[in-house]
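Read through the structure below, which is laid out as structure tokens, and then see the notes.
These numbers were taken from a predicted model, which means no experiment stands behind them.
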Amino acid sequence: MAVCEYCSTRVLKDADAVKDLGKMSSVLEDYSPIQIGTSGVLGGRPFTVVGRIQLRYSAGMWNEWYLLFDDGKTSWLGDSSGMYTITAEYQGDGELPAFEQLQPGRNYPINGSPYTAAEIRVADCIGGQGELPFAVGDGYQAKVADFRRGTEFITLDYSDGPRPVVYTGLSVTLDSMQCQLLRDDDTIQRAAGRYRGKLDALDCPSCGSGIKYLPGVTANLVCPACHTQIDAASPEAQVLAAGERVAAVPLTIELGATAKINNQDFTIIGMMRRADDEGAQWNEYLMYGPRAGFSWLVETDDGWSGANVLSNWPAWYAPGSAKVTVDKVEFTRLYDYGSVVTYAAGAFNWRVAVGDRTRVEEFEAGQLRLSSESTAQEMTWSRSAPVSADQLALWFGAAFKGRVKAPSKSKPFGNTRYRSTAKYIIWFMLALNAIPLLANFSGTWFLSAVGALAIYLPAVFLDNNDKS
């Protein structure tokens, strides 16, 4: 099937006949850098992007780009929130699980190895472009399940019946595929009137308050004033659900705050407050960078940490695992608890609402933390590391309202607690050596002086670094 780029007519080539299947919905402007004609290299094999289907499910949307390699082979490039996976159809035998039996976080034998179910979803095709290997259009529904094992990626496609089509592949980046002819900011501005990654404002359809968001990147909005859920993916914003009246939560970092981190620009676009089974609460701030994608800053009573969603999963995992390994680092199990969203505001790359529940497992290796979060449809893994409040203040400036470490006002060597103790010990030592000192002054005096310094100098150091 091909979709005409001028009139959106679907044309199906069936044997020697060509059929007009009617109009195809245009794809929504989603600000993906990929386009028809983008080229690259995978494993030494050049390819070109020749088609795309766009799919929407309950929590968001994603693209599947159809790739044609120079050797005539084809693959699919999944494109969701700046994360990419490439898969090709695999002709395998053996039993495969039924779609209705799948649960995120469970292991299933596929192609002779165990894979962890990552996401199970039913999605509707909402648009298409270019050349495609099968007929899609209004009413086409995809039933798919994604599985992971380390960097390996498998999709089981149940769209055509109970026996799924198997697609195997791995996580990739645009840089690793040496992609060329990607859309730049100027191209996107000409197409959509806005720069990719630049904040825009939309008035809430319910209360009229302004909401800052990233057009095409963050279509799921929660009004900070009335907490109405809004879908801004289409040209006209639509109210999804009326907001619940919840008490406003003071923000430590303002929505819309910007920072340059590791030479890349980031913007705070959304904030969630979550609570665990025992009532402990924490805040999570969603950051977006045009080149870096999405990441998180997490604020707890113990301090701050920065977190990123992982494309490289543990090679082996089962619910309740005592240890997991990622990138050759072994993490030991810490906690297992339920969490619920108690407050949300701003823009997100998936649909979020107060009351959303997840199951969380945490693992640690030194200062690094590894977390898995599971719902009835999805499982994700993220890795985090501590970030100091001082560093956040440097990044965000006046937009950061958190406490930073106050400079010490004590004078150098102002504390004398350890030196006072050291003096008593030295006098006691000299008293014990009074007779040897009288008998052999020069030799005993030298040894006593060395001993006194060995006691006194560490005391000076301890006093100087005493914060109490």
| Quick one: ring-ring contact (aromatic ring centres under 6.0 Å, His included) partners of Tyr317, sequence neighbours excluded? | Trp381
| message | Filter on salt bridge (Lys or Arg N to Asp or Glu O under 4.0 Å), then keep only pairs touching residues 301-317, sequence neighbours left out; what's left? | response | none
| task | Take Cys207 and Thr228 through the test side-chain contact (heavy atoms from CB on, under 4.5 Å) and record every step on the way to the result. | result | CA-CA 9 Å; Cys207 71; Thr228 294; over 6 Å; no
| task | Report the C-alpha distance between Leu392 and Thr252 in whole Å, list the side-chain angles of each, state the deciding distance to 0.1 Å, and finish with yes or no for side-chain contact (heavy atoms from CB on, under 4.5 Å). | result | CA-CA 10 Å; Leu392 291 169; Thr252 308; over 6 Å; no
| Check ion pair Asp79-Arg52 (N to O, under 4.0 angstrom) | no
| request: Show the numbers, then the answer: is there a side-chain contact (heavy atoms from CB on, under 4.5 Å) between Tyr285 and Met287? | output: CA-CA 6 Å; Tyr285 294 83; Met287 294 197 304; 5.6 Å; no
| task | Run the numbers on Ser339 and Thr358 for side-chain hydrogen bond (donor to acceptor under 3.5 Å, both in side chains), then give the verdict. | result | CA-CA 5 Å; Ser339 76; Thr358 58; 2.6 Å; yes
| message | Is there a side-chain contact between Ile253 and Trp304 in this structure, where contact means two heavy atoms from C-beta onward sitting under 4.5 Å apart? | response | yes
| said: Please give me the minimum heavy-atom distance between Leu156 and Pro164, naming the atom from each residue. | reply: CB-CB, 4.0 Å
| query | Is a side-chain donor or acceptor of Asp157 paired with a backbone partner of Ser159 at a separation under 3.5 angstrom? | reply | yes
| query | Quick one: are Leu55 and Val144 in side-chain contact, heavy atoms under 4.5 Å? | reply | no
| Can we call the ring centroids of Tyr108 and Tyr115 under 6.0 Å apart? | no
| task | Decide whether Glu89 and Gln91 meet the rule of one side-chain donor and one side-chain acceptor closer than 3.5 Å. | result | yes
| task | Find out whether Tyr337 and Glu362 are in side-chain contact, i.e. whether some heavy atom of one side chain is under 4.5 Å from a heavy atom of the other. | result | yes
| Nearest heavy-atom neighbours spanning Gly150 and Asn312 | C-OD1, 3.2 Å
| query | With sequence neighbours left out, which residue pairs that include part of residues 303-320 fulfil the salt bridge (Lys or Arg N to Asp or Glu O under 4.0 Å) condition? | reply | none
| query | Nearest 0.5 Å, what's the NZ-OG1 distance between Lys323 and Thr325? | reply | 9.0 Å
| What pairs meet the salt bridge (Lys or Arg N to Asp or Glu O under 4.0 Å) rule with one or both residues in residues 253-264, with sequence neighbours excluded? | Glu254-Lys401, Lys260-Asp265
| remark: By salt bridge (charged side-chain N to carboxylate O under 4.0 Å, His left out), Glu119 pairs with (sequence neighbours left out) Arg121
| request: Taking the side chain as every heavy atom from C-beta outward, state whether Asn107 and Trp316 have any atom pair closer than 4.5 Å. | output: yes
| query | Under the side-chain contact (heavy atoms from CB on, under 4.5 Å) criterion, do Ile53 and Leu132 qualify, and how do the steps go? | reply | CA-CA 8 Å; Ile53 57 175; Leu132 297 166; 3.5 Å; yes
| Looking only at heavy atoms, what is the nearest atom pair of Ala145 and Ile120, with distance? | CB-CG1, 4.1 Å
| said: Less than 4.5 Å apart, side chain to side chain, heavy atoms only: is that true for Arg369 and Tyr335? | reply: yes
| note | Here the pair of heavy atoms bringing Ser311 nearest to Arg148 is O-NH1, 3.1 Å
| message | To check you understand the geometry: which heavy-atom pair defines the closest contact between Phe153 and Thr87, and what is its length? | response | CD2-CG2, 3.6 Å
| Do the ring planes of Trp76 and Tyr66 sit parallel (below 30°), tilted (30 to 60°) or perpendicular (above 60°)? | tilted
| said: Are there over 12 heavy-atom neighbours, none belonging to Arg45, within less than 6.0 Å of that residue's CZ? | reply: yes
| said: Restricting to salt bridge (charged side-chain N to carboxylate O under 4.0 Å, His left out), what partner residues turn up for Arg273, sequence neighbours left out? | reply: none
